[in-house]
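A short worksheet on the structure shown next.
All figures in this text were calculated on a predicted structure; none of them were measured in a lab. Whatever order the structure lists ligands and atoms in, that order sets their numbers, starting from 1.
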Amino acid sequence: MITDKPVCVTGASGFIASYIVMQLLAQGYHVRGTVRKSANNYPFLLSLPGASERLELLEAELLSEGSYDRAVAGCDYVIHTASPYEINVKDPQRDLVDPAVNGTEAVLESCLKSGSVKRLVFTSSIAAITDEAENNKVFNEKDWNTMSSLDRNPYHYSKTLAERDAWDFIMRKRPAFDLVVINPFMVIGPSLTPSLNTSNRIIRDIMSGSYPCIMDLNWGFVDVRDVAKAHILAMENKAAKGRYLCAADAMHLRELVSLLKTSGFSNYPLPKIDLSGNAGSLLMKALSFTQPRDTGMYIRTNIGRTMRYDNSKIRRDLGLSFRDVKKSIIESVADMIKWGHLPQMKR
Ligand code: NAP
């Protein structure tokens, strides 16, 4: 289904989007990526195989009206990934909600104006499904996060509002294009960009002594290359519909630390004391108030709970199979050492 028309990828400089761009180019697509600075600031994109012939970078900003019109014009497909992904921000409304929500509306309006777009693939998040694990519940695409607010897990709130608005827009305006949504969990893996992504930063922090102990926390992980592939499959597969929870296996912090220890990283200041029992969780909840505001909030809403989810829809509908997240975690570590986000230590 390769066409001469470019595929628009918003936020092309991002951790996930740069892989989407790379995979689209590798498949022979023309790509129009949006970035915030002039193109020469993105050598890692311009040097991708096929980029010199088939990659165009245009500047666009989520908060400027009409900013995406030019990038979307004439495209059949738009993949909208741009959104701030940060946990601790000064002003959650200004720094998270406004760009996520207004930016998504801006991209939807540009798609509508274009008259050419057939499908918008939107990067939402597990954050729009829930902001807390619940023992005895298996989450799936029917679940919506109804708990987050500006004061409680505001990043999750921004993603929930943005995805809700996107679906509302489709209901209200009945455009000629459809919407397919990817909801990834914690995305890890080697990075094409020099920046350290918020999700890989969790692994970096675990290896840098920022975790005082092993807490009762677990996350669903998914490799960035699988997330990129999911977006392209969602774009190409005519039958793709609705939301797709995108996560491989969940892993407990205890298992993660043990994996790092047995994979040659035992010299790093990994958490040693195991406080993942009930008493430890109570203590950690109390100590979470000494953490930056939103990290503390995340700990309080998730500690002592086991995250379970059903990823069968994406495997069945899109034929996506997931990489082994243990391997991805080890590759993330090697890559963070390569980029200088973690020191090289003797094994
Ligand atoms: P990322 O590397 O921080 O990428 C975010 C992208 O959004 C960057 O290209 C960034 O541009 C752009 N952006 C941010 N604010 C913008 C603004 N005001 N105007 C224009 N562009 C703006 O993060 P990522 O992990 O790849 O995230 C991509 C998408 O996946 C986001 O929607 C995020 O919510 C979602 N997601 C991520 C994860 C994860 O674990 N990583 C999980 C679930 C969902 P600059 O490079 O100029 O900052």
When you look for heavy atoms under 4.0 Å from ligand 1, do you find them on the side chain of Phe15, its backbone, both, or neither?
both

Decide, yes or no, whether a salt bridge links Glu134 with Arg308 under the criterion of side-chain N to carboxylate O below 4.0 Å.
no

the protein heavy atom lying closest to atom 1 (P) of ligand 1 turns out to be Asn197 ND2, 3.7 Å

Kindly state whether the ring of Phe221 and the ring of Phe185 have centres lying under 6.0 angstrom apart.
no

Do me a favour and list the nearest non-hydrogen protein atom to atom 40 (O) of ligand 1 with residue, atom name and distance?
Val187 N, 2.9 Å

Test salt bridge (Lys or Arg N to Asp or Glu O under 4.0 Å) applied to Arg305 and Glu132, step by step:
CA-CA 8 Å; Arg305 292 156 174 252; Glu132 63 176 19; 3.5 Å; yes

For the atom pair OH (Tyr298) and CZ (Arg152), what is the distance rounded to the nearest 0.5 Å?
11.0 Å

Please state which part of Phe221 comes within less than 4.0 Å of ligand 1, counting heavy atoms only: side chain, backbone, both or neither.
neither

Between Arg32 and Ala73 the two heavy atoms that sit nearest each other are NH1-O, 2.9 Å

Is ligand 1 under 4.0 Å from a heavy atom in the side chain of Ser83, in the backbone, in both, or in neither?
both

Ser13 N/O to ligand 1 N/O under 3.5 Å:
yes

Can you check whether Pro99 has an N/O within less than 3.5 Å of an N/O in ligand 1?
no

Using non-hydrogen atoms of the residue, decide whether Leu63 is closer than 4.0 angstrom to ligand 1.
no

Below 3.5 Å, N or O to N or O, backbone or side chain included: is there any such pair between Gly11 and ligand 1?
yes

Okay, side chain of Ser258, backbone of Arg254: is any donor-acceptor separation there less than 3.5 Å?
no

Leu62, portion touching ligand 1 at heavy-atom distance under 4.0 Å
both

Might you point out which heavy atoms bring Phe265 and Ile330 nearest each other, and give the distance in Å?
CE1-CD1, 4.1 Å

For Phe185, the ligand 1 atoms whose distance to one of its heavy atoms is below 4.0 Å:
40 (O), 42 (C), 43 (C)

Of the options Cys8, Ser110, Cys111, which is the one that meets Tyr68 in a side-chain contact (heavy atoms from CB on, under 4.5 Å)?
Ser110

Record the part of Ser124 in heavy-atom contact with ligand 1 below 4.0 Å; permitted values are side chain, backbone, both and neither.
backbone

We want to know whether Arg201 and Asn197 form a side-chain donor-acceptor pair, criterion being a heavy-atom distance below 3.5 angstrom.
no

Purely on distance, is any nitrogen or oxygen of Gly14 under 3.5 Å from one on ligand 1?
yes

Thr123 heavy atoms, cut-off 4.0 Å: which ligand 1 atoms fall inside?
29 (C), 30 (O), 32 (O), 35 (C)

Part of Tyr68 with heavy atoms under 4.0 Å of ligand 1, whether side chain, backbone, both or neither:
side chain

Looking only at protein heavy atoms, identify the closest one to atom 43 (C) of ligand 1 and say how far it is in Å.
Pro184 O, 3.2 Å

Numbering as shown, the atoms of ligand 1 that approach Ser199 to under 4.0 Å (heavy-atom distance):
39 (C), 40 (O), 41 (N)

So do the side chains of Leu96 and Tyr157 get within less than 4.5 Å of each other, counting heavy atoms only?
no

Decide yes or no for Thr193 and Ser13: does some side-chain heavy atom of the first lie under 4.5 Å from some side-chain heavy atom of the second?
no

Less than 3.5 Å between some nitrogen or oxygen of Ile16 and one of ligand 1, yes or no?
yes

Considering heavy atoms of the protein only, find what lies nearest to atom 48 (O) of ligand 1 and give residue, atom and distance to 0.1 Å.
Arg36 NH2, 2.8 Å

Checking salt bridge (Lys or Arg N to Asp or Glu O under 4.0 Å) against Asp178, which of Lys118, Lys238, Arg119 comes through?
Arg119

For Leu245, is there any backbone N or O sitting under 3.5 Å from a side-chain donor or acceptor partner on Glu141?
yes

For ligand 1, which atoms, with element, lie under 4.0 Å from some heavy atom of Thr81?
28 (C), 29 (C), 31 (C), 32 (O)

Output the distance between atom OG (Ser158) and atom CG (Asp95), rounded to the nearest 0.5 Å.
10.5 Å

Starting from atom 34 (O) of ligand 1, what is the nearest protein heavy atom, named by residue and atom, and what distance separates them?
Tyr155 OH, 2.6 Å

Measure Lys159 to ligand 1 on non-hydrogen atoms and call it side chain, backbone, both or neither using the 4.0 Å cut-off.
side chain

Taking only heavy atoms of Glu61 into account, list the atoms of ligand 1 that are under 4.0 Å away from them.
17 (C), 18 (N), 19 (N), 20 (C)

